[in-house]
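Every number for a ligand or one of its atoms is a count from 1 in the order of the listing.
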Amino acid sequence: MTARKPHITTAGADPRLAGGRLTIDLDALVANWRFLAEKSKPSNTAAVVKADAYGLGIVHVVPVLWQAGCRTFFVALAEEGLRVKAVAPDARVFVLNGFFAEAFPIYEESDLIPVLGSLHELALWKKLNKSRKEKLPYVLHVDTGMNRLGLSVEEALTFADDGRNQKPVLLITHLATGDNPAHALNQQQFESFQKLRTAFAGIESSIANSPGIFHTEKGEFDLSRPGVAMYGGEPLSDAANPMRAVVTLEARIVQIRTGLMGETVGYGATTTLKRDTRIAICSVGYADGYLRSSSGSGVPLRNAVPGGGEGFVAGKKVPIIGRVTMDLTSFDITNLAERAVKPGDYIELFGPNIALDDAARSAGTIGYELLTSLGNRYHRRYLHTKTAD
Ligand SMILES: *Cc1c(COP(=O)(O)O)cnc(C)c1O
């Protein structure tokens, strides 16, 4: 294999006209998937690409994962599944968000596989398959402690005992407290799932999301299902992030102005300047998914990070000043050298210098929400080194 310089594929808005740009390092994404696959061994490793691959784009993400050897993909909606199939026709695609009867013809045509999670859905599936000689495959979702989707453990055990039932191709459950390995619920969920595996002997099973990969016993289950860690998010909340950063978000500086001591900044006049302050007004706001709860002041509900978000520019971190607005956000750049930045320069909002999860914490949320909120006004650059095998 010969490594080359990354090839850049562009998408989204014209960079000359856009307020911000997203750089998505597909090499880092693939490296992250390989790392997770290595950690999951001897289990196989799927990829969760719901919500348009956590906001990064199914059409860009799925082909490189396929190339890296990923063969199984999870999506939330059948519509997303079709988009996976369009770029990876031979992929095994599981649809997590339940099943409605009117979608059956699409499942028949498209080779998507539903994840069924209630007795109602199983009955529907059985009825719709009745006239078919070859029954379509499905995955069975069992709820072991999340109280979201899935049969109860008792329902699943009864279902397994009835020899007339069509067997699932995969048995899954989902961890409620995976990012907190010390939580007692993990052990309880593992134990329930082990019971189910015995009842569904011979059927592939899957429990670990990104966090789960870091604390399940090696090879305990057959298939892991990472999402956020593949995209560079931290798998565990109380440990250093071992994943490579994948996404960099930058916004353009539109204007630099000086506010005088005693003046206020922004909507609600929530910040009063304590000194004469140089302010960089940047072309990004909550309409771009740069959340208003990152504001430097005036966010009554945020308690974890009272100071608000930061940008990184000219080698330094600079705080948000005042409220994030729909299209613009202001940063206090008084501590930068006079000519360090000018209109048209980019300021990093997260990426190599500000971790995705730190940016998320500043907004009182998690990396998942920042990624899946990324708007469609950005210029997008996808970096990928094509390797000659
Ligand atoms: C979203 C999801 C995953 C992936 O979770 P991450 O924490 O992003 O790794 C796995 N399984 C199910 C059922 C999910 O809904």
Please state whether [X] comes within less than 4.0 angstrom of ligand 1, counting heavy atoms only.
X: Phe74; result: no
X: Arg148; result: yes
X: Tyr54; result: yes
X: Pro211; result: yes
X: Ala229; result: no

Can you confirm whether or not the ring centre of [X] sits under 6.0 Å from the ring centre of [Y]?
X: Phe193; Y: Phe221; value: yes
X: Tyr368; Y: Tyr231; value: no
X: Trp125; Y: Phe104; value: yes

| task | Report the nearest protein non-hydrogen atom to atom 5 (O) of ligand 1: residue, atom name, distance rounded to 0.1 Å. | result |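 Ranking protein heavy atoms by distance from atom 5 (O) of ligand 1, first comes Asn209 CB, 3.5 Å.
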| Can you tell me which residue and heavy atom of the protein come closest to atom 11 (N) of ligand 1, and the distance to 0.1 Å? |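 Ranking protein heavy atoms by distance from atom 11 (N) of ligand 1, first comes Arg225 NE, 2.9 Å.
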Using a 4.0 Å heavy-atom threshold (strictly under), name the region of [X] that reaches ligand 1: side chain, backbone, both or neither.
X: Val228; value: both
X: His174; value: side chain
X: Lys50; value: side chain

Less than 4.0 Å between a side-chain N and a carboxylate O, is that true for [Y] and [X]?
X: Asp143; Y: Arg148; value: no
X: Lys274; Y: Asp332; value: no
X: Glu234; Y: Arg361; value: yes
X: Arg197; Y: Asp222; value: yes
X: Glu38; Y: Arg34; value: no

| Against heavy atoms of Tyr368, which atoms of ligand 1 measure under 4.0 Å? |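 In order of numbering, the contacting atoms are 6 (P), 7 (O), 8 (O).
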| task | List every atom of ligand 1 that sits less than 4.0 Å from any heavy atom of Pro226, numbering the atoms from 1 in the order shown and giving each element. | result |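 The list of qualifying atoms is 9 (O).
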| request: Using distance alone, determine whether Ser210 and ligand 1 share an N or O pair under 3.5 Å. | output: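 N/O-N/O distance under 3.5 Å: yes.
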| query | Hey, does Leu96 come in under 3.5 Å of ligand 1, counting only N/O atoms on both sides? | reply |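 So ligand 1 has no N or O lying under 3.5 Å from an N or O of Leu96.
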| query | Thr10 and Arg381: side-chain donor and acceptor closer than 3.5 Å? | reply |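 Thr10 vs Arg381: no donor-acceptor pair found between side chains.
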